[in-house]
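Data block below; observations after.
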Amino acid sequence: MLLAELARVSGEVAATSARSRKVELLAGLFRDAQPDEAPVVIPYLAGRLPQRRTGVGWSTLREAPAPAAEPTLTVREVDRRLGEIAAVSGKGAQAERKRLVGVLLAAATAEEQFFLFRLIGGELRQGALDALAVEGLAAAVGAPPEEVRRAVMLGGSLGAVARALLAGGPAALAAFRLEVGRPVQPMLAQSAKDLDEALDRAGPCAVEEKLDGIRVQVHREGARVRVFTRTLDEITERLPELTAVALGLPVSSAVLDGEVIALDEHGRPHAFQDVAGRVGTRPSAAGGGPGAGLPLSPVFFDVLAVDGQELLDLPTAERHAVLERVVPGPLRVRRLAVPDPADGAARAAARAFADDVLRRGHEGVVVKALGAPYAAGRRGAAWLKVKPVLTLDLVVLAAERGHGRRSGWLSNLHLGARRPDGTFAMLGKTFKGMTDAMLEWQTGRLRELAVADDGHVVTVRPELVVEIAFDGLQRSTRYPAGVALRFARVVRYREDKPAAEADTVETVLALGRREAPPE
DNA sequence: TTCCGACAGTGGGGTCGCAAT
DNA sequence: ATTGCGACCCCACTATCGGAA
């Protein structure tokens, strides 16, 4: 199959907004793929490369050579060359990758270059990713979409499922089941505004502490242990503690879902940044970054399989019962069962539990419906996370031009807190929380306040106040106050408030001290 | 007809490994 | 030794489509 065909279909997919039409277009292309091409064609049209890392990003792609006049590149050839590029390492690697990318792009037509650019850059932006590619694949082979989705979630990659389906037809789906040692897409949580809303939506549920660390999926088969991240990268070697813990469990095999955090000598959690630093550090590194050498604590909250038995379809309550049997208390997340959330006393107990979780320094709670199965790969309403939200009134210092559907609008705001001398300290940026109407309005208002424009960032007079919600503060070397806002988003503009009454740096830093009390 | 679940897009800060400077 | 790039941890929110109610 020629790359030109993929580029053409991708363009058509991008040009229609109807999801049903996107799926039809994808299915048509997938039907034409050979079984051995499918593991490449299908990820490409889902905007992903089978090579997880190529070492090539936007910077390396900056200068494109003149395009070829005629399409000659096959999909197989592109995949082969990208595999070569990904394998380059050592001294001179960057220049060599750049050269090889240049050779590849020179063999591509203008339309193919546009496709490769976005594909390699990781932002295809055609309005279809894995979910629609799965539907397209199902349509192409005449299999039930839900079964194909489940096979991909349990059986690993889209490419592997595609190859089997195109070669063997719908019957091949039976082979894709949960297998110890092969990672499963983790179940994800939706957000709820507060605990009451979560309890109302969940029905009979358990309230669990939400720990601020790194999600891990631990597989044990006999003496063999493997640990995976949320995106299914294997990190076994970086977390020897987890192997030791898994081998200590009274089972022959198991798949566990949990979080790794780090606790100080008082049992309070270390900052997420420190945990992420430790988890990101390879054992070979003699590093001294923040968190290097920090001992990690795994805390498990679900079990997907144990001793040859698959548990995914059991209700949460039954999976929890198994978890309690195979994992000792200190390694399990704390949890309060709330069988009847409508009951006032039960609700009060849930609230007290959640307050205690926060008092102990954790992030919040997750409310889990007791009757729900483990929905691999789904961000369903069966799990609802609740975290406290902080707000500040900050001043817009500048705004960046938006991209894609935000082209033409000023989108990403630079936010500052007031200093005693009337200047402002930037605390971060945000592009979240705005409706199209707000984008339209702020673009006009900020243009009136503009004092400089470098083509990307429009600097404005610091007069516009905006209420910002965020989850907390984190250490920063980038921003002058030494802290940055975590997950900042716009709540509303405060045109009623002059910049002279915006929140001060001192107020912000006091928040930080309250978040992490000494001793 | 209206409602709502699932998706994709739009980017945020921090940290590491690795190569270039 | 420091800097820049790529990758990957954590992530919130809105708009849209299309099936459910």
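Each chain gets a letter, A, B and so on, in the order its sequence line appears, and its residues count up from 1. Side-chain atoms are counted along with the backbone in the values below, which use heavy atoms only and exclude waters and symmetry mates.
For Thr281(A), no side-chain nitrogen or oxygen approaches OP1 or OP2 of dT15(B) to under 4.0 Å. One finds a side-chain N or O of Lys387(A) lying less than 4.0 angstrom from the OP1 or OP2 phosphate oxygen of dA12(C). Between Ser476(A) and the phosphate of dG13(B), there is no side-chain N or O to OP1/OP2 separation shorter than 4.0 Å. A sub-4.0 Å separation between OP1 or OP2 of dC13(C) and a side-chain N or O of Arg489(A) is present. In terms of phosphate contacts, Asn412(A) brings a side-chain nitrogen or oxygen within less than 4.0 Å of OP1 or OP2 of dG12(B). A sub-4.0 Å separation between OP1 or OP2 of dG13(B) and a side-chain N or O of Arg478(A) is present.
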Study note, to complete from the structure: In B/S/- notation (B base, S sugar-phosphate only, - none; protein heavy atoms under 4.0 Å), nucleotides 16-21 of chain C written 5' to 3' is BBS---

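Here the side chain of Gln94(A) is nearest to one of dC9(C), dG12(B), dC5(C), namely dC5(C). Between dA7(C), dT10(B), dC5(C), one nucleotide has an atom nearer to the side chain of Phe431(A) than all others, and that is dT10(B). Closest to the Arg125(A) side chain, of the nucleotides dT10(B), dC9(C), dA12(C), is dT10(B). Closest contact between the side chain of Thr54(A) and the listed nucleotides dT10(B), dA7(C), dC5(C) involves dA7(C). The Arg486(A) side chain lies nearest to dC10(C) when the options are dC8(C), dA7(C), dC10(C). Distance from the side chain of Thr435(A) is smallest to dT14(C) among dT14(C), dC8(C), dT15(B).
Heavy atoms of Asp233(A) sit under 4.0 angstrom from primed sugar atoms or phosphate atoms, though from no base atom. Nucleic acid contact for Lys98(A): none, since no nucleic acid atom lies under 4.0 Å from a heavy atom of the residue. Residue-level contact check: Glu400(A) touches the backbone only, with heavy atoms under 4.0 Å from sugar-phosphate atoms and none from bases. Val279(A) comes within 4.0 angstrom of nothing in the nucleic acid, heavy atoms only.
Nearest approach of Lys387(A) to Asp471(A), heavy atoms of both residues: NZ-OD2, 2.9 Å.
Between Ile235(A) and Leu242(A) there is no side-chain heavy-atom pair separated by less than 4.5 Å.
Arg21(A) and Thr16(A) form no side-chain donor-acceptor contact under 3.5 Å, judged by distance and modelled atom types alone. Side-chain contact, Arg230(A) with Gln217(A): no donor N or O sits under 3.5 Å from an acceptor N or O. No side-chain N or O of Thr504(A) forms a donor-acceptor pair with one of Glu506(A) less than 3.5 Å apart.
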